[in-house]
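Remarks on the structure that follows.
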Amino acid sequence: MLSAEIATTLAAAQTTEILLKQLREVSERLKPFKPDVKSFRINYLEKNSEVKYFLLIPAGVRRMLTRKIEIPAVVGFRFDEMWDLDRMESVGFSWGYDGNKWLLDVSKLPSSERYWLTMKGKISTEFLNQLVSVKASENPCKEGEIDKYWIHSALKDMEILQKIWSELNIEQVNTDVRIGVERFFTSAIPQGVKDRLGLQKQLLSAISSGNRDLEHRLKYRYRRLASTPMLSPSELYELLFSLASGEFFASFVKVNQPFVLSNIEPVRSLTVVVPEKVRVGVQTDLSYKMPAAKGDLYFQRKQYQDSVSSKVKEMLPKKK
Amino acid sequence: MNTNLSNFEKSVDASVSPIVFTSEYIAPWALPKEEIPIHLVWNPDSKFDYIEISIPPHMEIKEFYNVESFEKVDSKMVVRKLKSLNFFGFVMILNEIIKEKHEKKEIVVDFVLGDKVQYSRSFIANICRPELSIIEKPSIIVLRDDSDTRDLVNLSLKISGFGRIEVTTELSIGGKFEPNVEPLYRETARRLATCFRSKESHADKKKEIQINPAYVQKTTREFIDKVRKGELLLDLELEDLEDFKAWVGDESNYTKMVELVSEQLETILIDSLLYYFDRYPTEGVELPGGSPDIIVESATQDVKMRFRYKDSLGNEYEPVQVDIPIKDLRNDKKAGLKVPINIKWVHEQINPLLEGAKC
């Protein structure tokens, strides 16, 4: 085995041990009320885990013997919700937090016997990476007017899951597909607009260099062009960003089962002036029964291109 | 699992009930060095001792899914133990650049019980690459005093194969190809850093061009915040960079900064947009240096143009070179001349799915 693999395996084992230890400690604290773990979920996107306990807290002797339950914050799990199963309603006041630990005053609970307790814990990115693999194609395959990207996700280590919970679910396993949009914008902007921008650039440069003669000639040319439809640089910039927004882009992408679309947004970074790519989030759930998921993302390239062109045209005549 | 590996040819056994697969997959296409996931899910009661993977030359397994132990035996990988019963997968890559635009690599996965193969599944990895080639070029460039330089050098380049490319142009005479424009904030920082000591303001001189004042204000604020948080300027090569950083950090310079950013912003935004339009000349091609020009300084040499290109994973392919002789018939042969290179792009991309891939 390679050293990197050994390190990864060790790290996975250690993280699993920590998680198991945390869960054991929570169960230990709840022991007087016969905790029974009903579900354990890991949410990949939110990077948290959720464990649901069924608790039996009958009024009477047991409540008298254990008046308070304490779960120290260092355990790593926090209280999320307490549900009264006899009355089918949430128990609002039940758990308190004093900065160091979660506290339940059992004597304040209603007379019901059966409860759901939901606890949530943080999961590190490293742990998730050891647990799940997500991949998407780097380049699309073009099928007529549609661009197709393959997407795949799989559980890497089912043993970890079995140790924790045999029917464990990992929800919202997210894959990002990056779709390049730069060329659509470049071709949708009419040459006249580009020419006028070029002239603006020359004019600004002439003004700042103090070349009066050139400045006057360029101003003359610029005024002659003023009757052609035009967008200001900032309007153009805002328009291009709106065309790469999730709101506009979402109607041009779809995925097949078992995947669903999640967040769609332009890839923003300090070094990008105009968006060049749109990040499309794709999600699926993985479980012991479905350890791997395969699918495709379809981008309606031609439709998007046509819509971008017509949006640009819609904007232009207003600026005559 | 059986640890007794047989090296002789195994026969497929029809006497034991076949393994029923509920899901199988190989990524339908990939670039060289792109990760290719493969998986198989089957009924938990299926019987086999071990799984044997035949790996084609220059391919390697990067990662396993749900595998407890494995070993390499010659060109094969033998999976001895799984972490749970009915699922197994791995990620492969081709570790070299292919010569053809599309190459198929066969990966065979055998499930072995005793010395019999219970099930044999063949996966085809479709590896595709882009290819750039010259279709048309001028046989000679003739410079005359009345030459229209805009229509002097016309090239036809073909992009075939598969996938996006990034093309960098290199010339052996004159012209140095740098990106025309820096990205917005970085360029703003660079310009400000060179003029922050100046007392003069050009704010009153630029009323000809309209720019949305709200936009200017918003961007100025964003820029100043980024500089103050230290997210910018890290790689600027300026002699007085430290002075500039101190100047930005000084609250009393705030008004002057807003003024300077506002003055520069519009120029930078226009430059950035023009650069953006120039940078993506056709679908699937990125020209980080924008459209190239030849700067003719001494016209006694040939122009040598070299187009280097990479795919979106950064794999670099054999560059394309064009040599064109120059004949200078101008009266003043020493005058520098800027000659744009006009490129016509021809597309001939393959569809790996139509080339026999299954998905």
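Chain A is the first sequence line, chain B the second, and so forth, proteins listed ahead of strands; every chain is numbered from 1. Only heavy atoms go into these numbers, but all of them, side chains included; no hydrogens, no water, no symmetry mates.
Distance check, rounded to the nearest 0.5 Å: OG of A/Ser133 to CZ of B/Phe64 gives 13.5 Å. Annotation: the span from B/Ile38 atom CD1 to A/Lys294 atom NZ amounts to 13.0 Å, rounded to 0.5 Å. Taking CD from A/Glu276 and CD from B/Glu286, the interatomic distance works out to 6.0 Å, rounded to the nearest 0.5 Å. Atoms CD and OG, on B/Glu35 and A/Ser137 in that order, are 13.0 Å from each other to the nearest 0.5 Å.
Only the side chain of A/Ile189 comes within less than 4.5 Å of a heavy atom in chain B; its backbone stays farther off. For B/Val91, the part lying near chain A is the side chain, with the backbone staying farther off; criterion is any non-hydrogen pair under 4.5 Å. Residue contact with chain A, scored on non-hydrogen atoms closer than 4.5 Å, involves the side chain of B/Glu34 exclusively. Proximity to chain B is limited to the side chain of A/Lys135, based on heavy atoms less than 4.5 angstrom apart. Proximity to chain B is limited to the side chain of A/Leu240, based on heavy atoms less than 4.5 angstrom apart.
Taking A/Asp147 as the reference, A/Lys142, A/Arg301 meet the salt bridge (charged side-chain N to carboxylate O under 4.0 Å, His left out) condition, with sequence neighbours excluded. Under the rule for a side-chain contact (heavy atoms from CB on, under 4.5 Å), the partners of A/Ser309 that lie at least two apart in sequence or sit in another chain are A/Ala188.
Heavy-atom contacts from other residues, nucleotides or ligands closer than 6.0 Å to NZ of B/Lys310 number 12 or fewer. Atom NZ of B/Lys101 has more than 12 heavy atoms from other residues, nucleotides or ligands within 6.0 Å.
Note on ring orientation: taking the six-membered ring where Trp is involved, the planes of B/Trp29 and A/Trp150 are perpendicular (angle over 60°, cut-offs 30° and 60°).
B/Leu31 has its side chain within reach of A/Asn139: a pair of non-hydrogen atoms, C-beta onward, lies under 4.5 Å apart. A 4.5 Å side-chain heavy-atom check between A/Lys156 and B/Asn66 finds every atom pair outside the cut-off. The shortest side-chain heavy-atom distance between A/His152 and B/His39 falls under the 4.5 Å cut-off.
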